[in-house]
Amino acid sequence: MENIRSRLNIGNKVEDVKLRKRKSQLYSKEDENILENDELRRVVLFSVAFRLINCLLVQTSFVPDEFWQSLEVSHRMVFNYGYLTWEWKEGLRGFTYPLFFAFIYKILHFLSYDSVFLLIWLPRIIQALFAAFADVKFFYLIRTLERRDVAKWTFFCHMCSWFSWFCCTRTLTNSTETTLTSLALFYFPLQGSKTHSSKIYLSLVALAVIIRPTALIVWFPLLMYHFWKENDKLRLITHSVVPIGAVAVVISTLIDCIFYGKWTVVQFNFLKFNVFHGVADFYGSHPWHWYFSQGFAVVIGPHLPLFLHGCSLAFKRYKILLAAIIWTIVVYSFLPHKEFRFIYPVLPFCMIFCGISLASLKAWRRAAATFLLVSNLLAALYTGLIHQRGSLDVMSHLQTLCDVSGISTAAQPDVLLLMPCHSTPFYSHVHCPMKMRFLECPPDLGEEGHVDEADRFYEDPLHWLRTSFPYKSSLPTHLVLFDVLEKEISMFLQGNNFVRTAEMFHTHFPEGRVGGSIFIYERH
(Lines give C-alpha, C1' and ligand atoms only; values in the text may rest on other atoms or scores of the structure.)
Protein backbone atom coordinates (compact mmCIF):
# COMPACT_ATOMS: atom_id res chain seq x y z
CA MET A 1 0.00 0.00 0.00
CA GLU A 2 2.83 2.38 0.89
CA ASN A 3 4.44 1.71 -2.49
CA ILE A 4 1.21 2.57 -4.25
CA ARG A 5 0.83 5.75 -2.17
CA SER A 6 4.39 6.80 -2.97
CA ARG A 7 3.91 6.23 -6.68
CA LEU A 8 0.68 8.22 -6.67
CA ASN A 9 2.40 10.95 -4.56
CA ILE A 10 -0.50 10.88 -2.12
CA GLY A 11 0.40 12.86 0.96
CA ASN A 12 3.83 13.74 -0.40
CA LYS A 13 4.22 17.30 0.84
CA VAL A 14 7.89 17.57 -0.07
CA GLU A 15 7.17 17.28 -3.76
CA ASP A 16 4.54 20.02 -3.52
CA VAL A 17 7.11 22.35 -2.01
CA LYS A 18 9.60 21.58 -4.77
CA LEU A 19 7.03 22.26 -7.45
CA ARG A 20 6.15 25.61 -5.93
CA LYS A 21 9.84 26.46 -5.72
CA ARG A 22 10.39 25.70 -9.39
CA LYS A 23 7.36 27.77 -10.30
CA SER A 24 8.68 30.68 -8.27
CA GLN A 25 12.05 30.52 -10.04
CA LEU A 26 10.33 30.50 -13.42
CA TYR A 27 8.35 33.62 -12.59
CA SER A 28 11.54 35.30 -11.35
CA LYS A 29 13.29 34.67 -14.65
CA GLU A 30 10.26 35.90 -16.59
CA ASP A 31 10.15 39.08 -14.50
CA GLU A 32 13.87 39.63 -15.09
CA ASN A 33 13.48 39.15 -18.84
CA ILE A 34 10.57 41.60 -18.89
CA LEU A 35 12.67 44.17 -17.05
CA GLU A 36 15.60 43.68 -19.44
CA ASN A 37 13.36 43.92 -22.50
CA ASP A 38 11.73 47.05 -21.10
CA GLU A 39 15.15 48.57 -20.45
CA LEU A 40 16.35 47.71 -23.96
CA ARG A 41 13.16 49.16 -25.45
CA ARG A 42 13.76 52.45 -23.63
CA VAL A 43 17.39 52.53 -24.82
CA VAL A 44 16.30 51.96 -28.44
CA LEU A 45 13.64 54.70 -28.36
CA PHE A 46 15.99 57.13 -26.63
CA SER A 47 18.88 56.44 -29.03
CA VAL A 48 16.75 56.89 -32.16
CA ALA A 49 15.14 60.11 -30.88
CA PHE A 50 18.49 61.44 -29.64
CA ARG A 51 20.34 60.84 -32.92
CA LEU A 52 17.52 62.31 -35.03
CA ILE A 53 17.61 65.47 -32.90
CA ASN A 54 21.40 65.30 -33.15
CA CYS A 55 21.12 65.20 -36.94
CA LEU A 56 18.79 68.20 -37.13
CA LEU A 57 20.95 70.30 -34.78
CA VAL A 58 24.14 69.86 -36.79
CA GLN A 59 23.93 72.54 -39.47
CA THR A 60 27.59 73.39 -39.96
CA SER A 61 30.43 72.15 -42.13
CA PHE A 62 33.44 70.26 -40.80
CA VAL A 63 35.83 69.12 -43.55
CA PRO A 64 35.46 68.98 -47.37
CA ASP A 65 35.44 65.15 -47.42
CA GLU A 66 31.99 65.26 -45.85
CA PHE A 67 30.65 66.24 -49.28
CA TRP A 68 33.39 65.78 -51.86
CA GLN A 69 34.08 62.11 -51.08
CA SER A 70 30.46 61.07 -50.68
CA LEU A 71 27.44 63.16 -51.74
CA GLU A 72 29.14 64.94 -54.67
CA VAL A 73 30.27 61.61 -56.10
CA SER A 74 26.83 60.06 -55.55
CA HIS A 75 25.12 63.00 -57.24
CA ARG A 76 27.34 62.64 -60.31
CA MET A 77 26.74 58.87 -60.42
CA VAL A 78 22.96 59.33 -60.54
CA PHE A 79 22.36 62.69 -62.25
CA ASN A 80 25.40 62.72 -64.60
CA TYR A 81 26.68 66.18 -63.71
CA GLY A 82 29.00 67.40 -61.00
CA TYR A 83 32.68 67.54 -60.21
CA LEU A 84 35.06 64.78 -59.13
CA THR A 85 38.21 65.75 -57.22
CA TRP A 86 41.67 64.60 -58.28
CA GLU A 87 41.52 61.55 -55.96
CA TRP A 88 38.77 60.04 -58.09
CA LYS A 89 40.66 60.74 -61.29
CA GLU A 90 43.72 58.98 -59.87
CA GLY A 91 41.74 56.02 -58.48
CA LEU A 92 42.48 56.66 -54.78
CA ARG A 93 38.88 56.43 -53.61
CA GLY A 94 36.46 53.53 -53.67
CA PHE A 95 32.91 53.79 -55.00
CA THR A 96 31.43 51.43 -52.39
CA TYR A 97 30.60 54.19 -49.90
CA PRO A 98 29.11 56.76 -52.34
CA LEU A 99 27.26 53.91 -54.06
CA PHE A 100 25.10 53.59 -50.94
CA PHE A 101 24.00 57.24 -51.20
CA ALA A 102 23.67 56.91 -54.97
CA PHE A 103 21.18 54.11 -54.35
CA ILE A 104 19.13 56.47 -52.16
CA TYR A 105 19.35 59.22 -54.78
CA LYS A 106 18.25 56.80 -57.50
CA ILE A 107 15.15 55.82 -55.55
CA LEU A 108 14.26 59.47 -54.96
CA HIS A 109 14.80 60.22 -58.64
CA PHE A 110 12.67 57.25 -59.70
CA LEU A 111 9.83 58.43 -57.43
CA SER A 112 10.29 62.06 -58.60
CA TYR A 113 11.05 63.12 -55.03
CA ASP A 114 14.62 64.25 -55.71
CA SER A 115 14.24 67.67 -54.12
CA VAL A 116 17.42 69.32 -52.90
CA PHE A 117 16.07 69.15 -49.33
CA LEU A 118 15.79 65.34 -49.43
CA LEU A 119 19.10 64.96 -51.26
CA ILE A 120 20.82 66.79 -48.41
CA TRP A 121 18.95 65.48 -45.38
CA LEU A 122 17.92 61.91 -46.17
CA PRO A 123 21.52 60.55 -46.27
CA ARG A 124 22.19 62.28 -42.95
CA ILE A 125 19.02 60.90 -41.36
CA ILE A 126 19.98 57.39 -42.45
CA GLN A 127 23.47 58.00 -41.04
CA ALA A 128 21.82 59.08 -37.76
CA LEU A 129 19.69 55.92 -37.58
CA PHE A 130 22.77 53.81 -38.28
CA ALA A 131 24.57 55.59 -35.43
CA ALA A 132 21.57 54.97 -33.13
CA PHE A 133 21.71 51.25 -33.94
CA ALA A 134 25.40 51.21 -32.98
CA ASP A 135 24.57 53.10 -29.74
CA VAL A 136 22.09 50.39 -28.74
CA LYS A 137 24.58 47.63 -29.50
CA PHE A 138 27.23 49.49 -27.50
CA PHE A 139 24.94 49.70 -24.47
CA TYR A 140 23.96 46.04 -24.71
CA LEU A 141 27.64 45.02 -24.93
CA ILE A 142 28.56 46.92 -21.76
CA ARG A 143 25.43 45.55 -20.07
CA THR A 144 26.72 42.00 -20.65
CA LEU A 145 30.26 42.86 -19.54
CA GLU A 146 29.61 45.03 -16.48
CA ARG A 147 27.10 45.77 -13.76
CA ARG A 148 23.90 47.64 -14.56
CA ASP A 149 25.15 50.93 -13.07
CA VAL A 150 28.42 50.75 -15.02
CA ALA A 151 26.50 50.14 -18.25
CA LYS A 152 24.22 53.09 -17.47
CA TRP A 153 27.05 55.52 -16.82
CA THR A 154 29.09 54.27 -19.79
CA PHE A 155 26.09 54.85 -22.05
CA PHE A 156 25.68 58.30 -20.48
CA CYS A 157 29.32 59.15 -21.25
CA HIS A 158 28.98 57.82 -24.77
CA MET A 159 25.90 59.87 -25.58
CA CYS A 160 27.36 62.99 -23.92
CA SER A 161 30.41 63.16 -26.19
CA TRP A 162 30.43 66.46 -28.06
CA PHE A 163 32.68 65.07 -30.79
CA SER A 164 30.35 62.13 -31.47
CA TRP A 165 27.46 64.61 -31.66
CA PHE A 166 29.48 66.74 -34.06
CA CYS A 167 30.55 63.86 -36.35
CA CYS A 168 28.33 60.78 -36.19
CA THR A 169 25.46 62.05 -38.39
CA ARG A 170 27.73 63.51 -41.07
CA THR A 171 28.32 61.75 -44.39
CA LEU A 172 31.99 61.27 -43.59
CA THR A 173 33.81 58.01 -44.15
CA ASN A 174 35.27 58.51 -40.65
CA SER A 175 31.75 58.57 -39.20
CA THR A 176 30.78 55.31 -40.87
CA GLU A 177 34.15 53.78 -39.94
CA THR A 178 33.51 54.64 -36.28
CA THR A 179 29.95 53.27 -36.36
CA LEU A 180 31.16 50.02 -37.92
CA THR A 181 33.97 49.82 -35.35
CA SER A 182 31.44 50.18 -32.52
CA LEU A 183 29.25 47.47 -34.06
CA ALA A 184 32.22 45.15 -34.62
CA LEU A 185 33.25 45.58 -30.98
CA PHE A 186 29.88 44.09 -29.98
CA TYR A 187 30.83 40.83 -31.72
CA PHE A 188 34.54 40.91 -30.83
CA PRO A 189 35.71 38.21 -28.38
CA LEU A 190 36.43 40.50 -25.43
CA GLN A 191 37.05 38.82 -22.09
CA GLY A 192 33.64 38.00 -20.61
CA SER A 193 31.71 38.81 -23.78
CA LYS A 194 28.60 36.70 -24.45
CA THR A 195 27.88 38.20 -27.87
CA HIS A 196 31.04 37.40 -29.80
CA SER A 197 30.94 36.09 -33.36
CA SER A 198 34.13 35.94 -35.40
CA LYS A 199 32.43 35.93 -38.77
CA ILE A 200 30.19 38.94 -38.03
CA TYR A 201 32.87 41.14 -36.49
CA LEU A 202 35.39 40.29 -39.22
CA SER A 203 32.79 41.11 -41.88
CA LEU A 204 32.16 44.50 -40.25
CA VAL A 205 35.89 45.18 -40.03
CA ALA A 206 36.30 44.23 -43.70
CA LEU A 207 33.52 46.66 -44.66
CA ALA A 208 35.16 49.41 -42.59
CA VAL A 209 38.49 48.80 -44.37
CA ILE A 210 36.78 48.94 -47.78
CA ILE A 211 35.19 52.27 -46.90
CA ARG A 212 38.36 53.64 -45.32
CA PRO A 213 41.58 51.57 -45.57
CA THR A 214 43.04 53.23 -42.46
CA ALA A 215 40.45 51.34 -40.37
CA LEU A 216 43.02 48.55 -40.36
CA ILE A 217 45.21 50.68 -38.08
CA VAL A 218 42.62 50.62 -35.29
CA TRP A 219 41.86 46.93 -35.69
CA PHE A 220 45.39 45.57 -36.11
CA PRO A 221 46.12 45.06 -32.37
CA LEU A 222 42.61 43.66 -31.82
CA LEU A 223 43.01 41.18 -34.66
CA MET A 224 46.39 40.11 -33.27
CA TYR A 225 44.83 39.68 -29.82
CA HIS A 226 42.06 37.50 -31.23
CA PHE A 227 44.58 35.36 -33.14
CA TRP A 228 46.74 34.95 -30.04
CA LYS A 229 43.76 33.96 -27.86
CA GLU A 230 42.14 31.65 -30.41
CA ASN A 231 42.66 27.95 -29.74
CA ASP A 232 42.09 26.78 -33.31
CA LYS A 233 44.16 29.37 -35.18
CA LEU A 234 44.21 27.48 -38.47
CA ARG A 235 40.41 27.23 -38.54
CA LEU A 236 40.09 30.95 -37.77
CA ILE A 237 42.28 31.82 -40.76
CA THR A 238 40.86 29.31 -43.24
CA HIS A 239 37.18 29.55 -42.28
CA SER A 240 36.86 33.24 -41.39
CA VAL A 241 39.75 35.59 -42.17
CA VAL A 242 40.66 34.42 -45.67
CA PRO A 243 37.10 33.88 -47.03
CA ILE A 244 35.75 37.17 -45.61
CA GLY A 245 38.81 39.13 -46.72
CA ALA A 246 38.74 37.62 -50.22
CA VAL A 247 35.02 38.31 -50.70
CA ALA A 248 35.44 41.91 -49.49
CA VAL A 249 38.37 42.60 -51.82
CA VAL A 250 36.67 40.98 -54.83
CA ILE A 251 33.36 42.81 -54.37
CA SER A 252 34.95 46.23 -53.74
CA THR A 253 37.34 45.77 -56.69
CA LEU A 254 34.47 44.80 -59.01
CA ILE A 255 32.48 47.88 -57.95
CA ASP A 256 35.48 50.15 -58.51
CA CYS A 257 36.33 48.58 -61.88
CA ILE A 258 32.75 49.07 -63.08
CA PHE A 259 32.60 52.76 -62.17
CA TYR A 260 36.18 53.61 -63.10
CA GLY A 261 35.79 51.74 -66.38
CA LYS A 262 39.20 50.10 -65.98
CA TRP A 263 41.11 47.73 -63.71
CA THR A 264 41.66 49.63 -60.44
CA VAL A 265 42.80 48.48 -56.99
CA VAL A 266 41.91 51.44 -54.80
CA GLN A 267 43.65 50.15 -51.67
CA PHE A 268 46.99 49.90 -53.49
CA ASN A 269 46.60 53.37 -55.02
CA PHE A 270 45.70 54.79 -51.59
CA LEU A 271 48.90 53.42 -50.07
CA LYS A 272 51.03 54.43 -53.06
CA PHE A 273 49.97 58.09 -53.03
CA ASN A 274 49.54 58.74 -49.30
CA VAL A 275 52.37 56.66 -47.83
CA PHE A 276 55.04 56.12 -50.48
CA HIS A 277 54.63 59.42 -52.35
CA GLY A 278 53.60 61.47 -49.31
CA VAL A 279 50.83 63.32 -51.16
CA ALA A 280 48.88 63.74 -47.90
CA ASP A 281 51.55 66.22 -46.76
CA PHE A 282 50.14 68.62 -49.36
CA TYR A 283 47.14 69.23 -47.08
CA GLY A 284 49.30 70.31 -44.17
CA SER A 285 51.59 68.75 -41.59
CA HIS A 286 51.81 68.86 -37.82
CA PRO A 287 54.53 68.00 -35.27
CA TRP A 288 54.76 64.35 -34.19
CA HIS A 289 53.29 65.07 -30.73
CA TRP A 290 50.15 66.83 -32.03
CA TYR A 291 47.73 64.01 -31.11
CA PHE A 292 49.23 63.70 -27.63
CA SER A 293 49.42 67.45 -26.94
CA GLN A 294 46.23 68.62 -28.70
CA GLY A 295 44.33 66.19 -30.91
CA PHE A 296 43.27 63.52 -28.41
CA ALA A 297 42.37 66.07 -25.72
CA VAL A 298 40.07 67.91 -28.13
CA VAL A 299 38.37 64.74 -29.40
CA ILE A 300 37.70 63.26 -25.96
CA GLY A 301 36.93 66.72 -24.56
CA PRO A 302 35.74 67.06 -20.93
CA HIS A 303 35.81 63.26 -20.58
CA LEU A 304 39.63 63.30 -20.34
CA PRO A 305 39.96 63.23 -16.49
CA LEU A 306 37.43 60.39 -16.32
CA PHE A 307 39.28 58.49 -19.03
CA LEU A 308 42.60 58.73 -17.20
CA HIS A 309 40.96 57.68 -13.93
CA GLY A 310 39.15 54.81 -15.67
CA CYS A 311 42.42 53.56 -17.17
CA SER A 312 43.86 53.21 -13.68
CA LEU A 313 40.79 51.25 -12.54
CA ALA A 314 40.23 48.94 -15.52
CA PHE A 315 43.70 48.64 -16.99
CA LYS A 316 43.94 44.86 -16.56
CA ARG A 317 40.36 44.07 -17.62
CA TYR A 318 40.40 46.13 -20.83
CA LYS A 319 44.11 46.35 -21.57
CA ILE A 320 43.55 45.30 -25.21
CA LEU A 321 41.25 48.30 -25.77
CA LEU A 322 43.75 50.64 -24.14
CA ALA A 323 46.49 49.12 -26.30
CA ALA A 324 44.36 49.77 -29.42
CA ILE A 325 43.87 53.42 -28.37
CA ILE A 326 47.58 54.02 -27.76
CA TRP A 327 48.60 52.08 -30.90
CA THR A 328 46.24 54.13 -33.11
CA ILE A 329 47.46 57.46 -31.75
CA VAL A 330 51.11 56.43 -32.07
CA VAL A 331 50.74 55.21 -35.67
CA TYR A 332 48.88 58.34 -36.75
CA SER A 333 51.56 60.43 -35.02
CA PHE A 334 54.12 59.12 -37.51
CA LEU A 335 52.04 60.49 -40.41
CA PRO A 336 52.75 64.19 -41.14
CA HIS A 337 49.14 65.10 -42.01
CA LYS A 338 46.96 64.99 -38.90
CA GLU A 339 43.29 65.69 -38.26
CA PHE A 340 40.94 65.26 -35.31
CA ARG A 341 38.64 62.95 -37.23
CA PHE A 342 41.36 60.38 -37.90
CA ILE A 343 41.33 59.16 -34.28
CA TYR A 344 37.53 59.34 -33.93
CA PRO A 345 37.14 55.50 -34.23
CA VAL A 346 38.84 54.94 -30.84
CA LEU A 347 36.35 57.19 -29.02
CA PRO A 348 33.89 54.34 -28.21
CA PHE A 349 36.78 52.44 -26.61
CA CYS A 350 37.55 55.47 -24.45
CA MET A 351 33.95 55.74 -23.26
CA ILE A 352 34.19 52.33 -21.55
CA PHE A 353 36.94 53.65 -19.27
CA CYS A 354 35.01 56.88 -18.69
CA GLY A 355 31.89 54.95 -17.65
CA ILE A 356 33.82 52.76 -15.22
CA SER A 357 35.34 55.89 -13.68
CA LEU A 358 32.02 57.71 -13.31
CA ALA A 359 30.33 54.64 -11.83
CA SER A 360 33.11 54.33 -9.22
CA LEU A 361 32.66 57.88 -7.97
CA LYS A 362 30.46 58.26 -4.90
CA ALA A 363 30.33 61.75 -3.42
CA TRP A 364 31.37 63.51 -6.64
CA ARG A 365 29.36 61.48 -9.16
CA ARG A 366 26.45 63.91 -9.55
CA ALA A 367 28.77 66.92 -9.84
CA ALA A 368 30.96 65.14 -12.40
CA ALA A 369 27.94 64.02 -14.46
CA THR A 370 26.48 67.55 -14.43
CA PHE A 371 29.78 69.08 -15.51
CA LEU A 372 30.13 66.47 -18.25
CA LEU A 373 26.62 67.11 -19.56
CA VAL A 374 26.77 70.92 -19.52
CA SER A 375 30.28 71.30 -20.93
CA ASN A 376 29.68 68.82 -23.76
CA LEU A 377 26.27 70.31 -24.53
CA LEU A 378 27.71 73.80 -24.93
CA ALA A 379 30.49 72.54 -27.23
CA ALA A 380 28.05 70.40 -29.23
CA LEU A 381 25.52 73.19 -29.79
CA TYR A 382 28.16 75.78 -30.67
CA THR A 383 30.00 73.59 -33.17
CA GLY A 384 26.78 72.14 -34.55
CA LEU A 385 24.76 75.35 -35.00
CA ILE A 386 27.22 78.25 -35.20
CA HIS A 387 30.84 77.47 -36.04
CA GLN A 388 31.49 77.21 -39.82
CA ARG A 389 27.84 77.37 -40.86
CA GLY A 390 28.39 79.87 -43.68
CA SER A 391 29.59 77.18 -46.09
CA LEU A 392 26.13 75.57 -46.05
CA ASP A 393 24.09 78.79 -45.79
CA VAL A 394 25.71 80.19 -48.92
CA MET A 395 24.76 77.10 -50.93
CA SER A 396 21.15 77.45 -49.79
CA HIS A 397 21.21 81.00 -51.12
CA LEU A 398 22.80 79.95 -54.43
CA GLN A 399 20.22 77.20 -54.81
CA THR A 400 17.54 79.89 -55.27
CA LEU A 401 19.32 80.90 -58.50
CA CYS A 402 18.13 77.62 -60.02
CA ASP A 403 14.62 79.11 -60.23
CA VAL A 404 15.76 81.66 -62.84
CA SER A 405 18.15 79.43 -64.75
CA GLY A 406 15.58 78.52 -67.38
CA ILE A 407 14.24 81.97 -68.24
CA SER A 408 16.69 82.94 -70.95
CA THR A 409 20.30 82.53 -71.99
CA ALA A 410 21.13 86.01 -70.71
CA ALA A 411 19.75 85.18 -67.28
CA GLN A 412 21.79 81.99 -66.83
CA PRO A 413 23.68 82.20 -63.51
CA ASP A 414 27.45 81.85 -63.63
CA VAL A 415 28.91 81.46 -60.13
CA LEU A 416 32.61 81.74 -59.24
CA LEU A 417 33.69 80.74 -55.73
CA LEU A 418 36.76 82.83 -54.85
CA MET A 419 37.55 80.82 -51.73
CA PRO A 420 40.06 78.18 -50.65
CA CYS A 421 39.21 75.12 -52.74
CA HIS A 422 36.42 72.85 -51.52
CA SER A 423 35.28 75.40 -48.93
CA THR A 424 31.65 74.61 -49.74
CA PRO A 425 29.63 71.69 -51.07
CA PHE A 426 28.79 71.79 -54.77
CA TYR A 427 26.05 70.35 -56.98
CA SER A 428 24.72 67.99 -54.31
CA HIS A 429 23.47 71.09 -52.44
CA VAL A 430 21.95 72.99 -55.38
CA HIS A 431 20.79 70.10 -57.60
CA CYS A 432 20.59 71.99 -60.86
CA PRO A 433 23.17 72.16 -63.67
CA MET A 434 23.81 75.89 -63.49
CA LYS A 435 27.37 76.98 -64.21
CA MET A 436 29.56 76.96 -61.10
CA ARG A 437 33.30 77.05 -60.69
CA PHE A 438 35.80 77.15 -57.82
CA LEU A 439 39.55 77.58 -57.45
CA GLU A 440 41.10 74.15 -57.95
CA CYS A 441 44.00 72.81 -55.89
CA PRO A 442 45.22 69.36 -56.98
CA PRO A 443 48.54 68.36 -55.36
CA ASP A 444 51.84 68.13 -57.19
CA LEU A 445 51.80 64.75 -58.93
CA GLY A 446 55.19 65.18 -60.55
CA GLU A 447 54.48 68.13 -62.83
CA GLU A 448 57.42 70.49 -63.19
CA GLY A 449 56.84 73.93 -61.65
CA HIS A 450 53.44 72.90 -60.30
CA VAL A 451 51.42 75.69 -58.66
CA ASP A 452 47.75 75.09 -58.03
CA GLU A 453 45.11 77.59 -59.14
CA ALA A 454 44.15 78.63 -55.61
CA ASP A 455 47.75 79.53 -54.75
CA ARG A 456 48.15 81.50 -57.99
CA PHE A 457 44.99 83.44 -57.18
CA TYR A 458 45.96 84.31 -53.61
CA GLU A 459 49.46 85.43 -54.66
CA ASP A 460 47.87 88.36 -56.54
CA PRO A 461 44.05 88.22 -56.61
CA LEU A 462 43.59 91.39 -58.64
CA HIS A 463 46.02 90.31 -61.35
CA TRP A 464 44.44 86.84 -61.54
CA LEU A 465 40.95 88.28 -62.00
CA ARG A 466 42.02 90.76 -64.70
CA THR A 467 43.89 88.12 -66.70
CA SER A 468 41.18 85.48 -66.27
CA PHE A 469 38.39 87.85 -67.35
CA PRO A 470 39.83 90.32 -69.87
CA TYR A 471 36.39 91.04 -71.35
CA LYS A 472 33.17 91.98 -69.56
CA SER A 473 31.28 89.37 -71.55
CA SER A 474 33.33 86.61 -69.89
CA LEU A 475 32.62 87.78 -66.34
CA PRO A 476 30.61 85.56 -64.01
CA THR A 477 27.25 86.80 -62.77
CA HIS A 478 27.98 86.01 -59.12
CA LEU A 479 31.11 86.00 -56.97
CA VAL A 480 31.31 84.25 -53.59
CA LEU A 481 34.17 85.23 -51.26
CA PHE A 482 35.24 85.51 -47.64
CA ASP A 483 35.19 89.00 -46.14
CA VAL A 484 39.00 89.04 -45.75
CA LEU A 485 39.33 89.17 -49.56
CA GLU A 486 36.87 92.01 -50.18
CA LYS A 487 39.25 94.93 -49.64
CA GLU A 488 41.96 93.41 -51.85
CA ILE A 489 39.70 93.04 -54.91
CA SER A 490 37.46 96.07 -54.26
CA MET A 491 38.73 97.85 -57.40
CA PHE A 492 37.72 94.89 -59.57
CA LEU A 493 34.30 94.69 -57.91
CA GLN A 494 33.56 98.40 -58.36
CA GLY A 495 34.97 98.57 -61.88
CA ASN A 496 32.72 95.74 -63.07
CA ASN A 497 29.53 96.80 -61.28
CA PHE A 498 29.47 94.00 -58.73
CA VAL A 499 27.12 94.72 -55.82
CA ARG A 500 27.01 92.83 -52.55
CA THR A 501 23.62 91.12 -52.30
CA ALA A 502 24.06 88.77 -49.34
CA GLU A 503 26.21 88.21 -46.27
CA MET A 504 26.40 85.00 -44.21
CA PHE A 505 28.07 84.51 -40.87
CA HIS A 506 30.69 81.75 -40.96
CA THR A 507 32.87 81.67 -37.84
CA HIS A 508 34.01 83.64 -34.81
CA PHE A 509 37.55 82.38 -35.41
CA PRO A 510 38.71 83.56 -38.87
CA GLU A 511 42.12 82.30 -39.86
CA GLY A 512 44.28 83.06 -42.90
CA ARG A 513 42.23 82.88 -46.10
CA VAL A 514 39.07 81.93 -44.19
CA GLY A 515 37.10 84.93 -42.96
CA GLY A 516 34.39 85.41 -40.39
CA SER A 517 31.69 86.06 -43.01
CA ILE A 518 30.92 85.06 -46.60
CA PHE A 519 29.80 87.66 -49.14
CA ILE A 520 27.86 87.13 -52.36
CA TYR A 521 28.36 89.75 -55.08
CA GLU A 522 26.10 90.03 -58.12
CA ARG A 523 26.95 91.85 -61.35
CA HIS A 524 24.51 94.53 -62.46
Side-chain angles (χ1 to χ4, degrees), residues 47-48 50-75 85 87 93-94 96-102 104-105 116-135 158-183 207-208 211-212 214-215 218 283 295 298-301 339-348 376-377 379-396 422-429 506-507:
S47 298
V48 170
F50 184 84
R51 288 307 177 197
L52 288 176
I53 294 171
N54 182 176
C55 178
L56 296 176
L57 293 183
V58 174
Q59 302 172 17
T60 56
S61 63
F62 181 21
V63 290
D65 282 8
E66 181 180 356
F67 315 109
W68 292 91
Q69 308 303 345
S70 56
L71 299 186
E72 294 300 329
V73 183
S74 305
H75 190 276
T85 58
E87 294 101 324
R93 303 286 183 175
T96 305
Y97 185 59
L99 182 62
F100 172 71
F101 298 118
I104 298 171
Y105 283 0
V116 68
F117 178 83
L118 288 178
L119 293 181
I120 293 171
W121 283 102
L122 191 55
R124 291 201 52 207
I125 289 173
I126 292 174
Q127 198 89 8
L129 294 175
F130 189 34
F133 178 65
D135 293 337
H158 176 69
M159 301 303 275
C160 269
S161 171
W162 81 270
F163 198 76
S164 287
W165 173 283
F166 185 59
C167 288
C168 74
T169 65
R170 297 181 184 274
T171 52
L172 270 169
T173 53
N174 307 87
S175 301
T176 303
E177 175 194 359
T178 303
T179 301
L180 289 170
T181 295
S182 187
L183 286 174
L207 181 57
I211 291 173
R212 190 168 179 83
T214 51
V218 178
Y283 294 104
V298 170
V299 170
I300 199 170
E339 294 186 38
F340 296 117
R341 61 191 175 106
F342 291 169
I343 59 171
Y344 176 33
V346 301
L347 198 54
N376 276 281
L377 182 63
L381 292 178
Y382 179 77
T383 55
L385 293 173
I386 300 172
H387 181 59
Q388 295 186 170
R389 68 168 298 126
S391 296
L392 301 183
D393 290 341
V394 74
M395 298 312 291
S396 297
H422 310 131
S423 293
T424 67
F426 215 46
Y427 284 105
S428 65
H429 280 57
H506 183 64
T507 179

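As a basis for the values below, the full set of heavy atoms in this structure was taken, side chains included, without hydrogen atoms, waters or symmetry mates. All values derive from a computational prediction rather than experimental measurement.
For Ser182, the side chain to side chain contact (heavy atoms under 4.5 Å, CB included) partners at least two apart in sequence or on another chain are Ala134, Phe138, Pro348. With sequence neighbours excluded, no residue forms a side-chain hydrogen bond (donor to acceptor under 3.5 Å, both in side chains) with His429. In terms of the salt bridge (Lys or Arg N to Asp or Glu O under 4.0 Å) criterion, residue partners of Asp393 (sequence neighbours excluded) are, by chain and number, Arg389. Scanning for ring pair (Phe, Tyr, Trp, His ring centres under 6.0 Å) contacts around His506 gives Phe482, with sequence neighbours left out. Annotation: side chain to side chain contact (heavy atoms under 4.5 Å, CB included) contacts of Tyr382 (sequence neighbours excluded): Ile386, His387, His508, Phe509. For Ser161, the side chain to side chain contact (heavy atoms under 4.5 Å, CB included) partners are Phe163, Ser164, His303, Leu347, not counting sequence neighbours. Considering only residues two or more places apart in sequence or on other chains, Glu177 meets the salt bridge (Lys or Arg N to Asp or Glu O under 4.0 Å) condition with Arg212. Thr169 meets the side-chain hydrogen bond (donor to acceptor under 3.5 Å, both in side chains) test with Arg124; sequence neighbours excluded. Evaluation of the side-chain hydrogen bond (donor to acceptor under 3.5 Å, both in side chains) rule for Thr383 yields no partner, not counting sequence neighbours. With sequence neighbours left out, Ser74 forms a side chain to side chain contact (heavy atoms under 4.5 Å, CB included) with Pro98, Phe101, Ala102, Tyr105.
Atoms CG and CZ, on Asp135 and Arg51 in that order, are 4.0 Å from each other to the nearest 0.5 Å. Going from atom OG of Ser175 over to atom CG of Leu180 covers 11.0 Å, rounded to the nearest 0.5 Å. Here the straight-line distance linking atom CD1 of Ile120 with atom NE2 of His75 works out to 9.5 Å at 0.5 Å rounding. With rounding to the nearest 0.5 angstrom, the CG atom of Asn174 is 7.0 Å from the OG1 atom of Thr214. The distance from the CZ atom of Phe166 to the OH atom of Tyr344 is 11.0 Å, given to the nearest 0.5 Å.
Counting only heavy atoms from C-beta outward, the side chains of Cys168 and Asn54 approach each other to under 4.5 Å. Using a 4.5 Å heavy-atom cutoff, the side chains of Tyr97 and Val73 are not in contact. Inter-residue side-chain proximity for Phe130 and Leu183 is flagged as met; some heavy-atom pair is nearer than 4.5 Å.
The aromatic rings of Trp165 and Phe50 lie perpendicular to each other, with more than 60° between the two planes, well past the 30° mark.
Looking only at distances, a side-chain donor or acceptor of Trp68 sits under 3.5 Å from a matching main-chain atom of Thr424.
Paired with Ile125 under the rule side chain to side chain contact (heavy atoms under 4.5 Å, CB included), one option of Leu56, Leu52, Leu118 passes, and it is Leu52.
The shortest non-hydrogen separation linking Val63 to Leu172 is CG2-CD2, 3.7 Å. Of all non-hydrogen atoms in Thr171 and Pro123, the two that sit nearest each other are CG2-CB, 4.0 Å. The minimum heavy-atom distance between Ile126 and Phe100, with the atom names listed, is CG2-CZ, 3.7 Å. Here the closest heavy-atom approach between residue Ser61 and residue Phe67 is recorded as CB-CE1, 4.3 Å. Scanning all heavy atoms of the two residues, the minimum distance from Pro425 to Ser391 falls at CD-O, 3.6 Å. Across every non-hydrogen atom of Trp162 and Gly301, the tightest pair is NE1-CA, 3.9 Å.
Sorted by first and then second residue, the pairs that involve residues 56-65 and meet salt bridge (charged side-chain N to carboxylate O under 4.0 Å, His left out), not counting sequence neighbours, are Asp65-Arg93, Asp65-Arg341. Sorted by first and then second residue, the pairs that involve residues 160-175 and meet salt bridge (charged side-chain N to carboxylate O under 4.0 Å, His left out), not counting sequence neighbours, are Glu66-Arg170.
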